[in-house]
Each structure stands twice: as C-alpha cells, then as structure tokens.
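Take a look at the structure below.
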Protein chains: 2
Amino acid sequence: MALTMSGTSLDFPSRLRAAGLRPTRQRVALARLLFAGNHRHVTAEGLHAEVKASRMPVSLATVYNTLNQFRDAGLLCEVVVAPGRSYFDTNTGHHHHFFVEPDGELHDFPSDKVTIAGLPVPPKGTRLARVDVIVRVRR
Amino acid sequence: MALTMSGTSLDFPSRLRAAGLRPTRQRVALARLLFAGNHRHVTAEGLHAEVKASRMPVSLATVYNTLNQFRDAGLLCEVVVAPGRSYFDTNTGHHHHFFVEPDGELHDFPSDKVTIAGLPVPPKGTRLARVDVIVRVRR
DNA sequence: TGCAGTTTTTAGAATTATTCTAAACTCCTT
DNA sequence: AAGGAGTTTAGAATAATTCTAAAAACTGCA
C-alpha cells in the first residue's frame, strides 16, 4: 500500500515519470523539497540554498533547469510580481496572490470566492490563457 | 495663452518642475517622447533606442534613472508582466492589462467596467496598495 | 551675466538573475 | 555490463539594471 497524503503521493520518482521527466537524484531531491509538505513559493536562489544544505546538493544551473521543466510539465506555476525575480508556486490550482512590499513575501489566496466581472474580450486572434490578480499591500 | 491638449500641457519643463524634477534637456526629451501623444508602454531599452535616433540622444543609464524618477514622481507606473523585463506605462489612472504572449505586447483596459468581488482582507499590519489584473492571452 | 554649489549626466564597470556550453556523468534498455 | 540518450555541472556568457566617479549643466544669488 502506498504512503499517501491529501491525494498526492510521496513517491516522487513515479510522479516525475508520470510528468514525463526522468527521476534523477537531483530532480527527486528538489521534488521532495517542493512537494512533500504544504504549498510553497520559491525562487531559484532560495531553493538552491536549501538543497545546498542537504546531503544531496544540486548545482544552481540544475535548479534553474528543473524549475523550468517542472513548470513546463505543469507541476509548478511561475509568478511574476517584481522586476527581476521569478517565483515558482507549487500551487497550480486556480488562485491569486498577495504580494507584500517591500519584503517580497508572496501569499496565495483561493480564487473560489473571487469574482471578476466586466473583463473585455481578448483582442482578435488571441485566446484567453490566464487571469492573474495580484493584490499588492504595504507594511 | 498656453498650448494645451486634453487637459495636460505640452510645457514639459513646467510639468517636470511641478513633479519636483529639474527640467534638464534629457528629461524634457524623454518626457516629450512619453507624454506628447497617446498613452504608451515602454521598456528602458526601447525608449533608449527611440531617443538615440533623435537629435538629443540620452545615455542608457539616464533613461533608467529617468524612468525610475518619473515612476517615483507618479508620472509613470511600472508594470511587471514577464520575468526579467519592466514596462513603464504612461497611463497612471486605474486600469488593467492585457498581455499578449509570446510577443510581449501590452495593452491597457480601463478598470471602470471591471468589478472584483470577494477579495480577502490584507494580512494584518498591511494596507492595500494596488490591485493588478493581468489578462494573459496567447495567439 | 558670472559664479558657486548642488544636481545630473555619462561611459563604463559592477551586479544580479538567468541561460548557455561542452565535458563528465547517470539512467534506462538491452 | 555496455551503449546511447538524457542530465548534471562548473564556469562562461548574456541580459537587464544599478553603481561609480568624473565631467557637465541647472539654479539661485551677487
């Protein structure tokens, strides 16, 4: 019987394979950091610092590659809130963000309760991809 | 009698002074490019290319400085839509954005018609600064 | 107008975030 | 176990932006 939590398994090799990615040691190590617990927001540098502290360090280039691959595979979504810094969010469901300036903290909030009415139709020849709502707050 | 258009004057030195900025030649040149016609979205590189083609070229460092000063003075607002690239918008009123991927085109739409309901309250100790809505569309 | 004093501009170096390169390594299949 | 494709890596390269410190320009005042 597989060990599970809230619908997603901790068998990272299988999850990676299911996403079309080879379960290498470094990808599994990063997946564990990202997906073993609650939803997270990370930057490449931040995740690199974390994994560097572990017994299975991973190069910064690989952290970047892996975050991009995870995003392309739909395991993460990229959030752009501040110039010159990308956040990756393990929550890939519909939701929006609080961004606390100037610290750069990012928090999710579910989109269930939020209704956006009156959006204009997409320009001709384009289709809607996503609607991001960023609530910027200051201390 | 001053030459005016739609409520804002073309007397850029005065407008800069009113915003607390010395009307230097380069600031006036950039203000003219930015504010003489319709609302615009520019990047530092793009504006630099434009002004370089004029009879009063301005260094890239000054373009960056000036865009930041104009933003701090409330003459522009900065829009962050894609990782590693800042857009500056001459429309400082309430409005939101279409972002066309993958070209990186940015279009305004007014926020009058848009209603956002059900936003959660800001985390304790913070006050609302702004709500950005980015409608991402693809060709 | 001429001058001092402060603010700006500038070219180029520095910084930061990210991607690229090509050689070494690992995973998977056989 | 071996071969080949896919990965990882350190370090170089790139891209966007900021910094530095010397030169130039704006401003107020004589």
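Numbered from 1 within each chain, the chains take letters A, B, ... in sequence-line order. In this text, all values refer to a predicted model and were calculated from it rather than measured experimentally.
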Show me, pair by pair, the donor-acceptor contacts under 3.5 angstrom made by side chains of residues 54-61 of chain A, not counting sequence neighbours?
unit_1: A/S54; atom_1: OG; unit_2: A/V51; atom_2: O; d: 2.7
unit_1: A/S54; atom_1: OG; unit_2: A/M56; atom_2: N; d: 3.1
unit_1: A/S54; atom_1: OG; unit_2: A/M56; atom_2: O; d: 3.4
unit_1: A/S59; atom_1: OG; unit_2: A/T62; atom_2: N; d: 3.2
unit_1: A/S59; atom_1: OG; unit_2: A/T62; atom_2: OG1; d: 3.1

Once you round it to whole Å, what is the distance between [atom2] of [N] and [atom1] of [X]?
X: A/L16; N: D/dT7; atom1: CG; atom2: C1'; answer: 13 Å
X: B/R71; N: D/dT18; atom1: CZ; atom2: C1'; answer: 12 Å
X: A/L67; N: D/dT8; atom1: CG; atom2: C1'; answer: 15 Å

Return all side-chain donor-acceptor pairs below 3.5 angstrom for residues 125-139 of chain B, not counting sequence neighbours, or 'none' if the list is empty.
unit_1: B/T126; atom_1: OG1; unit_2: B/P123; atom_2: O; d: 2.6
unit_1: B/R130; atom_1: NE; unit_2: B/D132; atom_2: OD1; d: 2.8
unit_1: B/R130; atom_1: NH2; unit_2: B/E78; atom_2: O; d: 3.2
unit_1: B/R130; atom_1: NH2; unit_2: B/D132; atom_2: OD1; d: 3.4
unit_1: B/R130; atom_1: NH2; unit_2: B/D132; atom_2: OD2; d: 3.1
unit_1: B/D132; atom_1: OD2; unit_2: A/R136; atom_2: NE; d: 2.7
unit_1: B/D132; atom_1: OD2; unit_2: A/R136; atom_2: NH2; d: 3.4
unit_1: B/R136; atom_1: NE; unit_2: A/D132; atom_2: OD2; d: 2.7
unit_1: B/R136; atom_1: NH1; unit_2: B/V81; atom_2: O; d: 3.1
unit_1: B/R136; atom_1: NH2; unit_2: A/D132; atom_2: OD2; d: 3.3
unit_1: B/R136; atom_1: NH2; unit_2: B/V81; atom_2: O; d: 3.1
unit_1: B/R139; atom_1: NE; unit_2: B/D103; atom_2: OD2; d: 2.9
unit_1: B/R139; atom_1: NH2; unit_2: B/D103; atom_2: OD2; d: 3.3
unit_1: B/R139; atom_1: NH2; unit_2: B/E105; atom_2: OE2; d: 3.1

Ring pair (Phe, Tyr, Trp, His ring centres under 6.0 Å) with [X]: which residues, sequence neighbours excluded?
X: B/Y64; answer: none
X: A/H95; answer: A/H97
X: A/F12; answer: none

Requested in this report: Summarise how protein sits on nucleotides 8-20 of chain C as a single string, 5' to 3': B when a protein heavy atom is under 4.0 Å from the base, S for sugar-phosphate-only contact, - for no contact.
Outcome: SSBB-----SBBB
